[in-house]
Each structure stands twice: as structure tokens, then as C-alpha cells.
**Q** 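Please read through the structure below; I'll follow up with questions.
Values below: every heavy atom of this structure, side chains too, minus hydrogens, waters and symmetry copies.
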Amino acid sequence: MNLATETAISPKIHPGLLADSLARTDQEFWNSLWRPRSKPVHMGASWTQYPKKEHEEVSRYQLIPIGSGRCIVREVPLFATMPALEFNKVPQKALWVTEDTTGKYYTWLENATVQQERPEEIDQRITILFEAAKEQDFEDGMESEFSKELVYLIKKYGNAAMEIIADLIIYERVNAEVASEALRWLGHMDHPMSYHSRRWLLERSLGCSPAMVRDGAALGLASMDDPHAIPYLKQTILRENYTELREDMEQVLVQLEHAY
Amino acid sequence: MPFILRTIRKARWYKVEGVSWLGKGDLHADPLADLNTKDNELSVWLVEDDRSNLEQIVTALAANRTHVSNLDYALLDLRLLSLLNTKIQYTMGGTPDEKANALWHCDLVELSALKIVELAKMILAEAERKRIPEREVRQLMTGAVASRRIERTKLKDSLRDKIDKLITADTPSP
């Protein structure tokens, strides 16, 4: 099937949210993704929202935006009351992701197709950057070659760069210490255009399995000082096994609760 | 009894239990990244037993960075360190706080690889590991610069710019 020829996004799945999906994580969006478990996911089906009392009979699908127009769709278990907060309980296996070899990415979600272009060089640069950083020593509060390049690439390529970074970190394809360092700088850097996507990634990274990555995410969120992260932190604290990390997260939570 | 203070990254020191590849009494290797020596010496700070100089030391360390950030440290009772038979030498610190550099900086000297590992085990088992949040570090820094305990000209450019902005923002307009 040539996905590139498919039609535009179905209005039922919030085209605006898809176009800017990294920035949109509100409950309304997730609620819109309820659909019957019995109904197979296939092209042409439509998303259906079911009343909450029918939760037992339905399954929820989560769109994980990893790029403008590039999403992964994942089935979310029924225990997940807020899928965005249950990241590490969900198998990290996407139902599908489509892409071709030319650097153009396609996503099909039910009867929708989104096509976006992304320069191949960004992919390579960011992947190499993260790989090379494994050899670097990181110190809190100190710039490194890695952090300088990371900030530069985000400022230059904006959300296109963020998509790739999100992909690397959320799917744990990079060294935990490097991911943690990246998250600290994502929270620290000043770049309003990528603010929502950075915050989105920090909130989701609280669910990553390496404790070091969760710590980096919490530190990044502390730098941002944005109360938006409060529910995510609260959920993470509830299930955090490392006492020291939990205490550090509680410290961040107190800070955010007193922000502004 | 005083303490020695060493800056660390707390996440490297989380106690990992039930790691199949780690032998009994062994230590995972990540914490060693916080104990990098130069000429077999390790830079540490001496904290008074009543911790009266702790804040000043932490501020001095934060002032030696390029950016305002959280500051993690480990605090180990000096008595415990003596069990390792480690020599301590007073030396000048390299932070922008001259008083702290002169009074409280020292090096653990003649360190062997085994001693470093023992020290890491001791820090893991016995030390207090604390985090000063970024927001608090910011307050400490602006306070120290505003009161001229730390000369702003001694700060690295990026940090100086940030602190200048913070002080300006805090200053009520006439």
C-alpha cells in the first residue's frame, strides 16, 4: 500500500492534535481514543469514544507522537487510568510505525495518513551525537560538547530534532546517563518554540525504566518550574521504588506546587 | 567530628539490589565516575561538625560551574575515612570563593585503586547523600554575589550573565 497517497487526516482523530501532537497531551485527547476491543485496528475504522462505565469492555489506544505526523499507536491496558502516566507499565512495543527509506515518514491512524518530511541529516547527527556522548564525563552545571551540540540542534531544527530525541529516549535506545544528561538540558535550555515538546518528553521520561533517566527527567522538570508536570510527578512518585529518587522527586513536586 | 564533602551525581549512587552479576560485597561501577583522581589525589572539602560552613562550601562549588544547576554531594564522617588509612592534605581550592578555598579545601592523597573502591563502598553505605535543588542554588548564588562574598568577575561568563539577570530581576525598581 502506498501510504503517501492516502487521504488527509480524519476529523475524528483531531487533525490539529496530530499536526502538533507533541504539544498536546490533554485528557480530552486521550479520551478521544477509546475504541472497542473487539474491533480490529485497521485502515478505515474510526475512533470511538465510549462512556467510562464501559471501560471493562473496551481497550484504549494511545498515540505516542514521536514526530510531527509520525506517531506510534499502542494499546493501553485497562488498568491505565491515564495512559500518559502509565508508560512504564505498558509493553514498549508499538502496534505499528510506518516509514520508508527516503527519510519521509508516514503514519496511518485508522483512515488517516500524515506525511511529513524530515531531513535525513538530523537523524544522523542526533544519533551520532548521543552515541559519541557515551565517552564523555558529565558534571552537573557544566556544559559539555554534548550539551552544546544538543541545544544547538534543538534551536536549529526545533520539533523535528525533538522528535528524534524523544524516539531515542522513550524507547531507551541510548545510554541511560546520556539520556539523563539530555533531559537535564532539555529542561534547562531557553527556547520557547520547542517548550511544549521538551516538557512533553520530560513528563513521559518519568516513566522510563532506568532510574538515572527518571532522575534526569525530574531535574529537567525542576528547571522548567512548570506546574503542568505536577500530575505526572505525583503518579511517578507513587510507583517509584528507589527511596532516594522518590525523595528527590517529592522535592521537585513541592517546588512545582509552590511555583508562581 | 568534621565531615568530608565530595560532589557527586546522586543517580549514580542509587542502591541497586538484586543485581545478578554483582558479587557479594561488590559495588556497581558507576559511582566511581564521581571519584576521578588526578595524580592519585581526590579533591574534597572539610565541613565543620556543626555544618556551619556547609552552605558556603556548596555556594563556592556552585559558583565554579558554567550554569546554575542542582548540586548533589556526599557527606562522610571523617572518623570513617580514617579507617581507610587515607592521608589528607590541606590545599587551595579552585572556586571563586577565596575564603572557602583557603580554609576548607583539601585533597585525599596517595590513593590507590583499592582505596578508591573502599571509599566508594563507604560513601554508598555510610555517607549522607543530599541534593540542593537548582532553585536553592540560585538563591545561594545571588546572595553570595550580591553580598560580594563571591566576586562576580570570577564567575564564568554564562553563569555571570545568568546571576546578573537574576539579581536585576530581584531588585525593586525605584
**Q** Which atoms of Ala222(A) come close to chain B, meaning under 4.5 Å heavy atom to heavy atom: side chain ones, backbone ones, both, or neither?
**A** neither
**Q** Quick one: side-chain hydrogen bond (donor to acceptor under 3.5 Å, both in side chains) partners of Asn53(B), sequence neighbours excluded?
**A** none
**Q** Would you please go through residues 141-149 of chain A and name the residues with a non-hydrogen atom below 4.5 Å from one of chain B, in numerical order?
**A** Gly141(A), Met142(A), Glu143(A)
**Q** Using non-hydrogen atoms only, which part of Asp140(A) is less than 4.5 Å away from chain B: side chain, backbone, both, or neither?
**A** both
**Q** Would you call Arg12(B) and Glu177(A) a salt bridge, using N to O less than 4.0 angstrom?
**A** yes
**Q** If you look at every heavy atom in Trp185(A) and His67(B), which pair is closest and at what distance?
**A** CH2-ND1, 3.5 Å
**Q** At a heavy-atom separation under 4.5 Å, does Glu247(A) approach chain B through its side chain, its backbone, both, or neither?
**A** neither
**Q** Answer with side chain, backbone, both or neither: which region of Asp34(B) has an atom nearer than 4.5 Å to a non-hydrogen atom of chain A?
**A** neither
**Q** Could you list the residues that satisfy ring pair (Phe, Tyr, Trp, His ring centres under 6.0 Å) with His105(B), not counting sequence neighbours?
**A** Trp45(B)
**Q** So does Arg9(B) pair up with Glu181(A), basic N to acidic O under 4.0 Å?
**A** yes
**Q** Assess whether a salt bridge exists between Asp215(A) and Lys10(B), defined as any Lys/Arg side-chain N lying under 4.0 Å from an Asp/Glu carboxylate O.
**A** no
**Q** So which pairs with a foot in residues 42-54 of chain B pass salt bridge (Lys or Arg N to Asp or Glu O under 4.0 Å), sequence neighbours left out?
**A** Arg51(B)-Glu128(B)
**Q** Would you say that more than 12 heavy atoms from the other residues, nucleotides or ligands in this model lie under 6.0 Å from the CD of Glu131(A), or not?
**A** no
**Q** On a heavy-atom basis, which atom in Arg131(B) and which in Gln251(A) lie closest, and how many Å separate them?
**A** O-NE2, 3.6 Å
**Q** For Tyr14(B), run the side-chain contact (heavy atoms from CB on, under 4.5 Å) check against Thr243(A), Asn241(A), Leu245(A) and tell me which one passes.
**A** Leu245(A)
